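A short worksheet on the structure shown next.
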Amino acid sequence: MMMRCVAIAAMSMVMVSCSDNDDNGTGTPETPEKEYVIEVGEGMKLPENEFLTKVPAATEYDQSIVDALKAIDGVMDVKPFTLTHAYNPNTRQFFTKTAYFFNYKQVIDHNDPSKGWFKQQCILTVAGKDRPTVLLTEGYGLGSTEDYNNRLDYCTEPTLVGVLGANCLQVEHRYFGWSLPEGYTNKWNYLRAKQQSADLHTIVTAIKQSGIVGQGKWLATGVSKPGVTSTLYAYEYPGEMDAYVPFCAPFMLSMTETGSYNHILSADALGSRLEKVKAAFRAYCGNKTLQQEVVKLYIKANPNLSSDSEESVRKKVLRMLFDSHWGRMSYVHYSLWEPLIPQEGDSAEKFLTFILANERRSYEGEDNIDYQRRLDYVDDLEPSQSGDDILTRGMTRAADEEIRRWGPFDVQTFIELGTIIYTTDWVDDLLTVAEKAAISGANDPAQWGFNYDNGAYMRQVLDGIKQSSCNIMFVYGMQDPWTGNRIPDDKLGKNCQILYIENGRHNDAIDTWNFSERNHLFQWLNQLGFLPNE
């Protein structure tokens with residue numbers, strides 16, 4: 001059944017599935033039995049749900065799986081479709097795969113179910129009842145993140161699904177994509193990690209009881225924020241999974257964490273390239289004439305910036321120097337971009353090429369499969385934005401007819417997850433106060449009307465993991481920025497361990513690891529009863 005979207009004023013009408021109050025719903029709840037509609041905030045425009053409008057149902061599928069899903073209390077809108085971009089890590093090939101979409105009738109507030117319900121999007125692929133089941137604890141929306149268009153046929157699965165020949169259950173994070181407890185608005189009353197963990201618990205319980213999958217072992221995993229979601233789920237519902245494998249999961253205890261950027265400018269991450277990269281940064285940051293030449297080239301290539309002042313563009317390009325390095329270190333093997341590192345005295349063209357060399361461009365000598373996989377990771381893990389930075393989007397543009405929904409990722413960092421800022425320690429003597437501010441990207445949750453918990457929940461989680469008996473393998477790549485905010489060694493429980501991947505980046509690309517690294521993970525999984533794919 002398609003969801004009917006109704007554009008209404010944000011403060012004038014109540015969504016059938018939730019309360020409009022900002023007091024966590026103390027008003028009179030609507031009855032869940034009424035027609036489901038989506039509230040749209042004033043001045044906002046609901047995007048098209050392309051999965052519903054453009055993705056056809058599969059012509060070949062297992063009717064028994066469809067029937068079994070429909071028989072689950074709370075499951076609706078079942079639709080078999082084709083994943084167009086499944087990946088087999090054993091053969092390093094892409095292929096198509098039948099998947100089963102369904103919405104789950106999820107309560108808005110697990111502390112008070114009377115407040116109503118919303119549709120939470122899920123995808124199931126089935127390898128066999130006796131196979132392991134991998135739960136993707138998504139931290140964002142399912143499908144393509146670009147414009148939140150929700151093309152679920154573009155979804156990728158965790159690499160462990162192919163490695164283990166496993167079933168896969170993917171659950172969209174509440175408030176992302178089309179899993180909207182309060183509609184397409186800028187209200188976030190129930191955007192909490194505890195609520196999402198309860199979402200996972202409810203759906204996993206229903207799927208296990210259905211008998212469709214679940215006779216084999218269960219494993220929760222995710223990369224980056226989805227990896228954090230796996231850890232939070234382990235803390236809130238210990239023992240619900242047989243194993244947890246969070247990849248690249250960062251844990252922030254403030255709004256000004258600098259560990260991640262410090263890590264990618266360390267010898268551990270860069271090795272012999274460390275001095276070359278720092279020298280390039282200093283050569284650019286300390287030369288205003290060079291910066292002006294680069295800005296002129298950049299404006300010439302981007303005529304839409306011609307009305308902006310050169311000074312404002314100069315600061316944007318300065319920030320881009322840091323952003324691009326973050327993206328390269330996150331996703332691109334350093335051997336591919338090392339030839340692009342400029343030296344003092346090089347041309348403005350070479351410096352601009354280095355600045356623009358981010359995670360989305362192709363690099364000379366890169367294998368096409370690796371490049372396509374990189375783009376898949378970027379699309380899956382980088383939440384889409386409006387193209388503006390955080391200071392010019394969102395609530396300050398609430399009257400803009402074409403506004404995107406203000407990012408739930410930013411909101412969750414403001415509430416309880418914390419975030420990072422870029423450090424400029426190695427170039428501080430070359431920068432003005434205004435330039436440092438433009439680079440660091442520091443944010444004040446109070447400016448946006450939120451009360452950050454100062455890391456209280458994350459500390460509670462880390463202390464809980466230390467006391468937990470859950471089987472958790474934290475995996476971090478030594479080139480990945482977020483490894484600078486890895487789980488501390490003194491917070492590992494008795495059945496937890498960390499696996500470091502020497503050339504690892506911000507992904508779960510197990511097929512690119514060396515033999516020793518793969519063997520370490522596989523031996524651990526086999527000890528827990530997970531059978532490798534033959």
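Residues take their numbers from the sequence shown, with the count starting at 1. No experiment lies behind these values; they were computed from the predicted model shown. Side-chain atoms are counted along with the backbone in the values below, which use heavy atoms only and exclude waters and symmetry mates.
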### Query
Passes side-chain contact (heavy atoms from CB on, under 4.5 Å), Tyr104 versus Thr202? Steps please.
CA-CA 10 Å; Tyr104 190 82; Thr202 303; 3.3 Å; yes
#### Entry: Geometric cation-pi criterion Arg486 and Phe474, 6.0 Å radius, 45° cone
no
### Cationic tip of Lys79 above Phe51 ring, under 6.0 Å, 45° of axis
yes
Whether the [X] and [Y] side chains hold a donor-acceptor pair (N or O, under 3.5 Å, no angle test) is what I'd like checked.
X	Y	result
Glu236	Ser197	no
Thr84	Asp153	no
Tyr87	Asp511	yes
Glu48	Thr53	yes
Asn495	Ser469	no
Thr137	Ser230	yes
Gln63	Asp67	yes
His110	Asp199	yes
Glu240	Tyr233	yes
Tyr331	Asn358	no
Glu157	Thr125	yes

Check: [X] side chain, [Y] main-chain N or O, donor-acceptor pair, under 3.5 Å:
X	Y	value
Ser179	His173	no
Arg151	Val55	no
Thr159	Asp508	yes
Lys97	Ala86	no
Arg459	Asn454	yes
Tyr235	Asp463	no
Ser210	Ile207	yes
Asn471	Asp242	yes
Glu172	Trp178	yes

### Message
Assess the residue pair Trp513 and Leu521 against the criterion (side-chain contact (heavy atoms from CB on, under 4.5 Å)); give the C-alpha distance rounded to whole Å, side-chain angles, the decisive distance to 0.1 Å, and a yes or no.
### Response
CA-CA 11 Å; Trp513 299 359; Leu521 175 63; 3.8 Å; yes
pair [X]-[Y]: side-chain heavy atoms closer than 4.5 Å:
X	Y	answer
Tyr100	Val66	yes
Trp482	Trp326	yes
Pro132	Leu219	no

### Query
So Arg192 and Asp453, salt bridge (charged side-chain N to carboxylate O under 4.0 Å, His left out) or not? Walk me through it.
CA-CA 12 Å; Arg192 301 293 187 277; Asp453 71 357; over 6 Å; no
### With Asp77, the side-chain hydrogen bond (donor to acceptor under 3.5 Å, both in side chains) member among Lys119, Lys70, Lys105
Lys119
### Test of ring centre spacing under 6.0 Å for His85 and Tyr154
no
### Query
Got a sec: does the CG of Asp73 have more than 12 other heavy atoms crowding it under 6.0 Å?
no
### Query
Crowded around Asp444 CG? As in, over 12 foreign heavy atoms under 6.0 Å?
yes
### Task
Please report the C-alpha distance between Thr229 and Leu200 in whole Å, then the side-chain angles of each, then the deciding distance to 0.1 Å, and finally whether the side-chain contact (heavy atoms from CB on, under 4.5 Å) criterion is met.
CA-CA 10 Å; Thr229 307; Leu200 293 169; 4.2 Å; yes
### Query
What class does the angle between the rings of Tyr140 and Phe176 fall in, given that below 30° is parallel, 30 to 60° is tilted and above 60° is perpendicular?
perpendicular
### Task
Would you please test Phe247 and Asp480 for side-chain contact (heavy atoms from CB on, under 4.5 Å) and show each step?
CA-CA 11 Å; Phe247 292 83; Asp480 181 26; over 6 Å; no
### Query
With the threshold set at 4.0 Å, does a side-chain nitrogen-carboxylate oxygen contact exist between Glu359 and Arg374?
no
